[in-house]
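First the proteins, then the strands, lettered A, B, ... as listed; each starts at 1. Quick caveat, the model's predicted, so the values are computed rather than measured.
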Number of protein chains: 2
Amino acid sequence: MVRIIDVAKRANVSTATVSRVLSSPHTVREETMGRVLEAIKDLDYHPNILARQLRTLESKTVIVVVPDISNPFFSKVLRGIEYVAAANGYQVLLKDTTNDLELESGYVDLLRQKKADGMIFLTVMNSELVNIVENQYPVVLACEYIEGSSIPTVSIDNISAARKATEYLIQLGHRQIASISGPTTSVLGQDRLKGFYQALAQYDVTVDPVLIQEGDFTYESGFNVMNKLLALNQLPTGVFAANDEMALGAIKAIKSKHLRVPDDISVIGFDNIKFSTICEPELTTIAQPAFEIGNKAMDLLFKLMKNKKIIRSQYILEDKLIIRNSCVKKV
Amino acid sequence: MVRIIDVAKRANVSTATVSRVLSSPHTVREETMGRVLEAIKDLDYHPNILARQLRTLESKTVIVVVPDISNPFFSKVLRGIEYVAAANGYQVLLKDTTNDLELESGYVDLLRQKKADGMIFLTVMNSELVNIVENQYPVVLACEYIEGSSIPTVSIDNISAARKATEYLIQLGHRQIASISGPTTSVLGQDRLKGFYQALAQYDVTVDPVLIQEGDFTYESGFNVMNKLLALNQLPTGVFAANDEMALGAIKAIKSKHLRVPDDISVIGFDNIKFSTICEPELTTIAQPAFEIGNKAMDLLFKLMKNKKIIRSQYILEDKLIIRNSCVKKV
DNA sequence: TTGTATGCGTTATCAG
DNA sequence: CTGATAACGCATACAA
């Protein structure tokens with residue numbers, strides 16, 4: 001391994017000068033710099049990042065905590081994060097919690113040990129953790145919003161988006177509307193369910209509580225929950241699924257009972273993942289600006305890490321209702 | 001920040017003893033250890049990993065280079081890797097190349113700088129890089145196999161699997177068989193195409209070269225390439241897609257032309273991703289043991305990093321033809 | 001079984 | 001503009 005001192009010797013300068021050439025080139029004479037650069041090139045010198053980090057206490061790394069990387073929506077947010085991070089010379093370390101509560105702890109250590117300079121949560125199930133981290137390390141929350149928390153957040157307004165989706169079903173004439181919600185342990189699940197209820201209230205629609213069922217955001221849970229709903233005496237005519245994966249699972253279940261979507265049952269999803277146009281019929285859903293959410297979240301984290309003031313700490317991005325073919329007027 | 005010396009002072013021992021308590025507890029007297037552990041707890045001491053790494057030159061981190069994290073197949077392999085890594089106290093750093101050639105370079109630096117101890121490639125487009133890394137740093141290749149290379153590999157036999165898939169179509173009576181291959185810049189793409197050709201040769205089937213088209217493993221490319229095929233005078237009756245995402249795209253294209261799968265055109269995929277049962281009809285495909293591939297790859301990497309001898313450096317895992325409803329006998 | 005002392009490779013301080 | 005040198009926090013060879 002070639003070290004800074006090897007370069008220094010070859011260029012006939014001190015290690016300090018070599019270091020300066022690398023970190024603040026303007027403070028060194030041009031001729032000296034030339035010699036140093038040449039030596040670096042000759043020796044194929046690469047600074048040891050570990051040593052640098054020990055000295056500077058900066059890891060140039062951020063950690064993104066994601067609930068389920070195989071969900072295409074999160075993949076896309078991640079892309080947005082990585083794009084901004086890479087542009088600023090930062091590494092992105094990924095932690096997939098596999099929707100597991102346990103695994104969400106222990107990340108504070110990574111920050112304390114300067115293994116990472118900051119963290120982005122794409123979901124929060126363990127809100128205690130957030131409180132620990134709050135005001136202590138740079139952390140931003142993407143995709144969901146926590147009421148009353150001061151953690152910088154970038155997301156859509158999940159409540160109003162869910163309300164919008166439900167309203168759409170109501171306006172199509174549906175009154176027997178089921179909800180396949182996310183886990184109520186997650187803010188995301190709660191918010192989208194809340195929006196669902198708000199729409200019902202606003203239009204004076206009352207729904208049998210048995211139509212409100214909880215999934216866990218996976219395709220399988222959508223399939224299973226829908227099967228439960230299909231076993232009821234009175235079937236729903238419309239279904240609001242809290243994300244697309246569950247909506248796809250629901251459609252699968254409906255079809256396997258030889259019912260038709262949307263003719264017999266309308267289904268609306270949430271996220272607009274790339275597979276939402278795969279199924280027959282194509283899924284009507286709420287589109288989130290996933291890539292932009294990632295961009296903005298990383299921007300925010302940078303500002304936080306640089307101790308810059310953040311004007312607004314809650315960024316709400318625009319969602320959009322994408323009307324395709326999985327919902328139809330109730331006859 | 002509380003350091004090792006703070007703990008040492010409080011426990012009335014030297015820093016060396018504290019260090020030993022942490023790394024080789026059996027070498028220290030029980031009573032001493034008790035005092036040290038108590039001090040650690042009292043002060044809420046957490047060793048600085050950076051400093052430790054600088055000393056040991058071990059980062060306890062591995063990097064996985066993945067072509068497209070939003071592909072569910074790779075997500076699953078990754079899970080397998082993480083499972084084994086976590087069990088051994090290793091972090092997994094993820095690099096998504098976004099199928100971009102450029103981005104695949106520069107990882108050698110991460111190894112050289114001891115930012116990671118080893119690396120797993122889930123794909124290799126830039127085989128030069130492999131040659132650089134070869135015999136120099138611990139690297140294993142998962143999912144694909146490079147002819148003549150000595151890099152430890154774990155994968156299925158992509159050639160024979162592709163041959164098996166194609167054979168299946170031939171045995172169903174298809175003769176006009178199209179191939180939507182992966183990029184020929186990737187070994188994976190090459191191998192699966194090779195298997196396709198082998199099956200044709202074996203059964204003396206000759207195919208118009210125009211039926212052999214190249215995609216890039218994405219849903220969109222499957223859709224686009226299939227549209228091209230559908231514009232031909234003589235349509236294929238069977239399609240072998242080199243992965244499920246492209247197969248799904250192809251099915252979409254076929255349906256949008258008001259043709260039926262499998263009645264008009266049979267489609268077979270590769271990978272058995274979780275969305276392969278979403279579409280109508282469900283996809284016949286080749287299943288890879290994704291999780292196990294990940295497990296084995298990480299195992300192999302550990303052995304490599306520990307300089308243990310590796311008995312066999314090429315592990316071939318079993319694939320399996322999953323027959324569902326997207327292929328049917330040619331009438 | 002424990003302590004002392006040194007070095008890992010870098011950056012930052014201070015003096016020149 | 002440059003050089004000498006002291007940290008950064010830890011692990012380990014060697015001595016006790």
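Projected onto DNA chain D by closest heavy-atom contact, A:Thr15 and A:Met33 fall at different nucleotides, the more 5' of which corresponds to A:Met33. Nearest-nucleotide positions on DNA chain D for B:Thr17 and B:Ala51 put B:Ala51 closer to the 5' end.
The distance between atom CD1 of B:Ile49 and atom C1' of C:dC8, rounded to the nearest whole Å, is 16 Å. Atom P of nucleotide C:dT10 and atom CG of B:Asn48 are separated by 17 Å, given to the nearest angstrom. Atom P of nucleotide D:dC10 and atom CG of A:Leu50 are separated by 14 Å, given to the nearest angstrom. Straight-line distance from the CZ atom of A:Arg35 to the C1' atom of D:dT2: 11 Å, rounded to whole Å. One can place NZ of B:Lys9 at 15 Å from C1' of C:dG3, the figure rounded to the nearest angstrom. Rounded to an integer number of Å, the gap from CZ of A:Arg52 to C1' of D:dC8 is 15 Å. B:Glu30 places its CD atom 16 Å from the C1' atom of C:dT2, with the value rounded to the nearest Å. Rounded to whole Å, atom C1' of C:dG7 lies 14 Å from atom CE of A:Met1.
Picking from C:dT10, D:dT12, C:dG9 the nucleotide with the shortest atom distance to the side chain of A:Ile4 gives C:dT10. Checked against C:dA12, C:dT10, D:dC10, the side chain of A:Thr56 finds its nearest nucleotide in C:dA12. For A:Leu54, the listed nucleotide lying nearest its side chain is D:dC8; candidates were D:dA4, D:dC10, D:dC8. Taking every side-chain heavy atom of B:Val28 into account, C:dT2 is the closest of C:dT2, D:dT12, D:dA4. Of the listed nucleotides (D:dT2, C:dT1, C:dC8), D:dT2 has the atom at the smallest distance from the side chain of A:Arg20. Among C:dT10, C:dT4, D:dC1, the nucleotide with an atom closest to any side-chain atom of A:Thr32 is D:dC1. For A:Ser19, counting side-chain heavy atoms from C-beta on, the closest listed nucleotide (C:dT11, C:dG9, D:dA13) is C:dT11.
Contact annotation for A:Asp6: no contact, since no heavy-atom pair falls under 4.0 Å across all strands. B:Val18 comes within contact range of no nucleotide atom at all, as no heavy-atom separation falls under 4.0 Å. When heavy atoms are screened at a 4.0 angstrom cut-off, A:Ser23 is found touching no nucleic acid atom at all.
For A:Arg55 against D:dG9, no side-chain N or O and base N or O form a donor-acceptor pair under 3.5 Å.
The shortest heavy-atom contact between A:Leu300 and A:Pro152 is CD2-CB, 3.8 Å. Closest heavy-atom contact between A:Asp216 and A:Pro183: CA-CD, 3.7 Å.
For the pair A:Arg29 and D:dT2, the criterion of a side-chain N or O lying under 4.0 Å from OP1 or OP2 is met.
Using a cutoff of 4.0 Å between basic side-chain nitrogens and carboxylate oxygens, A:Asp6 and A:Arg3 are scored as salt-bridged.
Side-chain atoms of B:Ser23 come within 3.5 Å of backbone atoms of B:Ser19 as a donor-acceptor pair (strictly under, hydrogens ignored).
Counting non-hydrogen atoms of neighbouring residues, nucleotides and ligands closer than 6.0 angstrom, the OH atom of B:Tyr83 reaches no more than 12 such neighbours.
For the ring-ring contact (aromatic ring centres under 6.0 Å, His included) test, residues two or more places apart in sequence or in another chain that qualify with A:Tyr90 are A:Phe302.
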